[in-house]
> 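My structure is below; once you've seen it, I'll send some questions.
A, B, ... follow the sequence lines: proteins, then strands. Residue 1 opens every chain.
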Amino acid sequence: MKAIFIVGPTATGKSHLALTLAKKFNGCIINCDSIQFYNKLKIGSAAPDQAEMNQVPHYLYSYVNPPQEMTAGQFLRDFHDLIENNKDLKSPLIIVGGTGFYVQALEKGMFNVPEINRELKIQIEAEIKEYGNEKAFKELIEFDPETKIHINDAYRIGRALEVKRAFNLKMSELKMQALLNEDTDNKFKLPFPFIKIGIDLDREILKQNIASRTKMMLKNGLIDEVKSLIDEGHADWAPLSSVGYFEVKEFLAGRIDKVDLEDQINLSTRQLTKKQRTWFKRDLEISWLKSNQTEILNFVEEFLQES
RNA sequence: GGGCAGGUGCCCGAGUGGCUAAAGGGGACAGACUGUAAAUCUGUUGGCUUCGGUCUUCGAAGGUUCGAAUCCUUCCCUGCCCA
């Protein structure tokens, strides 16, 4: 078994490339996009359509339903379950997605943190909300003076406090343990050879792609997709605060004018691609290839021929 | 032609004599990131600098003042109202 990661900013044609490669090399496609997991978020996440899914086996797409929320850890478990138990999986696995954190999880594994009970999470969240970051941060910094978490980063402070209160462990300790004792998390690392291909476009072209993609999403019923989720009572579902969905929610709540909706989505999408670049830029093992078909095909072919 | 409001850095916008290279927001750029990650958070954002400074900047030109984005004069432009 071999794997090919296809990563990079959104709207660069990664999914299309994945399809081409999977057909050409008789492989299958695995999702590594944090929104395309969700069953009811197809339009706004630009998930592959049925026609595309029929051409090549696609895994880990559209399988999570509200109010269930995905986590990197759960995704990693789902992925391992898939590669260990699904005998139909065909090599190469083409792993596509723009979510750097999830790509990292599949590739390098995650140090294991046992499940933290819901009450504690809710309680900490409420405490931070009520007493502010400072109090929570104080608790954190006294426990873990080395922490690099910023006082304003309420989400990370909360998570670190969960781990502290539940297990009396520091995030930095866990990280260090994982680094020193490779065995503990080795089992989650991707257990076969792989390459990472990065796809990016000139910013001006990408801007145009984003614009036409947004237009298409709106035309295809993005607003209705959101509306029906809200009608079903999922307005607070976390993934609805992602790019596109958030703006539509704002529009439905009357906080964005219809005329501004499209521009807002375009803007947020561009800002997303910026962050995706920042993430992937630091991974020096990614081979950045222009969407030049032959170049990519040769590169992949060479990799697949290595024993 | 008359009245009123206004012209501020990439944009919006605060400032109405010194503490102002000028609040705040947006955008842009750069960055962090192990269970929300399309989330969350951080830094920078006039030029030069030996980092102590220094030069240019708030529609334009003049003027008052030790000192002006802030006061005065004229001019140009924008919006609304009256002719």
> For the rings on Tyr38(A) and Tyr61(A), is their centre-to-centre separation under 6.0 Å?
no
> Send over the distance from Arg118(A) CZ to G35(B) C1', rounded to a whole Å.
13 Å
> Provide the distance between the two P atoms, one in C75(B) and one in C4(B), to the nearest whole Å.
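Nearest-Å result for C75(B) against C4(B) at atom P: 15 Å.
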> Please measure how far the P atom in A38(B) lies from the corresponding atom in G47(B), and state the result in whole Å.
33 Å
> Walk me through whether Asn266(A) and Glu262(A) qualify under side-chain contact (heavy atoms from CB on, under 4.5 Å).
CA-CA 6 Å; Asn266(A) 286 153; Glu262(A) 192 171 327; 4.2 Å; yes
> Remember a base hit wins even if backbone is also touched, and classify Ser45(A) as base, sugar-phosphate or nothing at under 4.0 Å, heavy atoms.
base
> In whole angstrom, give me the gap between the C1' atoms of A22(B) and C58(B).
8 Å
> Measure from OH on Tyr102(A) to C1' on C33(B) and round the result to the nearest Å.
13 Å
> I'd like a list of close polar pairs between nucleotides 28-30 of chain B and the protein, N/O only, cut-off under 3.5 Å.
unit_1 : atom_1 : unit_2    : atom_2 : d
A28(B) : OP2    : Gln271(A) : NE2    : 2.8
C29(B) : OP1    : Arg203(A) : NH1    : 2.7
A30(B) : OP2    : Lys274(A) : NZ     : 2.2

> For A37(B), does either OP1 or OP2 sit under 4.0 Å from a side-chain N or O belonging to Arg156(A)?
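It does not, given that no N or O in the side chain of Arg156(A) lies less than 4.0 Å from OP1 or OP2 of A37(B).
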> Identify the stems formed by RNA chain B, where each pair is Watson-Crick or G-U wobble with both distances under 3.5 angstrom and a stem is at least 3 consecutive pairs.
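The stems are B:1-7 with B:76-82, B:10-12 with B:24-26, B:27-32 with B:40-45, B:46-48 with B:53-55, B:59-63 with B:71-75.
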> Just by modelled atom types, is the Phe101(A) backbone N or O under 3.5 Å from a matching donor or acceptor in the Gln104(A) side chain?
no
> Where the side chain of Arg282(A) is concerned, which of C33(B), U36(B), C41(B) is the nearest nucleotide?
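Nearest listed nucleotide: C33(B).
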> Measure CE/Met171(A) against C1'/G35(B) and give the value in whole Å, please.
9 Å
> Using the P atoms only, state how far C77(B) lies from A83(B), rounded to an integer number of Å.
24 Å
> Using the C1' atom as the point on both nucleotides, what is the distance between G18(B) and G67(B), in whole Å?
6 Å
> Does Gln36(A) reach the main-chain N or O of Ala46(A) with its side chain, forming a donor-acceptor pair under 3.5 Å?
yes
> Without decimals, in angstroms, what is the distance between Ile128(A) CD1 and U40(B) P?
15 Å
> Ignoring hydrogens and angles, does a donor from either the side chain of Asp33(A) or the base of A38(B) sit under 3.5 Å from an acceptor on the other?
yes
> Would you give me the side-chain donor-acceptor pairs under 3.5 Å for residues 116-125 of chain A, sequence neighbours excluded?
unit_1    : atom_1 : unit_2    : atom_2 : d
Asn117(A) : OD1    : Glu119(A) : N      : 3.1
Asn117(A) : OD1    : Leu120(A) : N      : 3.0
Gln123(A) : NE2    : Glu127(A) : OE2    : 2.8

> By ring pair (Phe, Tyr, Trp, His ring centres under 6.0 Å), which residues pair with Trp279(A), not counting sequence neighbours?
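For Trp279(A) there are no ring pair (Phe, Tyr, Trp, His ring centres under 6.0 Å) partners, ignoring immediate neighbours.
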> Give a yes/no on whether any side-chain N or O of Arg159(A) is located under 4.0 angstrom from OP1 or OP2 of U36(B).
no
> Strictly below 4.0 Å: does Lys148(A) bring a side-chain N or O up to OP1 or OP2 of A32(B)?
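Lys148(A) to A32(B) OP1/OP2: no side-chain N or O under 4.0 Å.
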> Using a 90° cut-off around 0 for syn, call G35(B) syn or anti.
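Because its glycosidic torsion lies within 90° of 0, G35(B) adopts the syn conformation.
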> I need the residues from residues 232-256 of chain A with at least one non-hydrogen atom less than 4.0 Å from RNA chain B; give them sorted by number, or say none.
Ser241(A), Ser242(A), Val243(A)
> Grab the OH-P distance between Tyr155(A) and G35(B) for me, whole Å please.
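The distance from OH of Tyr155(A) to P of G35(B) comes to 4 Å, rounded to the nearest Å.
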> Check the pair Leu240(A), Leu41(A) against side-chain contact (heavy atoms from CB on, under 4.5 Å), reporting the backbone distance first and the verdict last.
CA-CA 9 Å; Leu240(A) 280 188; Leu41(A) 303 179; 3.9 Å; yes
> Please report the distance separating the P of C55(B) from the corresponding atom of A69(B), rounded so that it comes out in whole Å.
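My reading of the P atoms in C55(B) and A69(B) gives 14 Å.
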> Base, sugar-phosphate, or nothing: which does Thr99(A) touch, judged by heavy atoms less than 4.0 Å apart?
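Result for Thr99(A) = sugar-phosphate.
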> Roughly how many Å is it from CZ in Phe167(A) to P in G35(B), rounded to a whole number?
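For the pair Phe167(A) CZ and G35(B) P, the rounded distance is 12 Å.
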> Report the distance from atom CG of Leu272(A) to atom C1' of U36(B), rounded to the nearest whole Å.
15 Å
> Apply salt bridge (charged side-chain N to carboxylate O under 4.0 Å, His left out) to residues Lys189(A) and Glu107(A) and explain how you reach the verdict.
CA-CA 6 Å; Lys189(A) 281 188 182 171; Glu107(A) 183 194 337; over 6 Å; no
> When you measure from the side chain of Lys170(A) to the backbone of Ala160(A), do you find a donor-acceptor pair of N or O atoms at a distance under 3.5 Å?
no
> At under 4.0 Å between heavy atoms, what does Gln104(A) touch on the DNA or RNA strands: base, sugar-phosphate, or nothing?
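It contacts sugar-phosphate atoms only.
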> Please tell me whether Ser45(A) and Asp33(A) have a donor and an acceptor in their side chains that are separated by less than 3.5 angstrom.
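Judged by distance alone, the side chains do not pair up.
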> For the side chain of Ser212(A) and the backbone of Gln208(A), is there at least one donor-acceptor N/O pair under 3.5 Å apart?
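Yes, the answer is positive, given that a donor and an acceptor are paired below the 3.5 Å cut-off.
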> Is there a donor-acceptor pair under 3.5 Å between the side chain of Asp144(A) and the backbone N or O of Leu140(A)?
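No: the side chain of Asp144(A) does not pair with the backbone of Leu140(A).
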> Supply the atom-to-atom distance Ile223(A) CD1 to Ile43(A) CD1, rounded to the nearest 0.5 angstrom.
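Reported value, rounded in 0.5 Å steps: 10.5 Å.
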> Sequence neighbours left out, what passes ring pair (Phe, Tyr, Trp, His ring centres under 6.0 Å) with Phe194(A)? Give chain and number order.
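Ring pair (Phe, Tyr, Trp, His ring centres under 6.0 Å) list for Phe194(A), sorted by chain: Phe5(A).
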> Kindly say if Asn152(A) contacts the phosphate of U40(B), meaning a side-chain N or O under 4.0 Å from OP1 or OP2.
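For Asn152(A), the contact criterion (side-chain N or O under 4.0 Å from OP1 or OP2 of U40(B)) is not met.
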> Rounded to the nearest angstrom, tell me the gap between atom CG in Leu161(A) and atom P in U40(B).
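These atoms are roughly 19 Å apart.
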> Please measure how far the C1' atom in G27(B) lies from the corresponding atom in U20(B), and state the result in whole Å.
23 Å
> Can you work out whether Met70(A) or His150(A) has the more 5'-proximal nearest nucleotide on RNA chain B?
Met70(A)
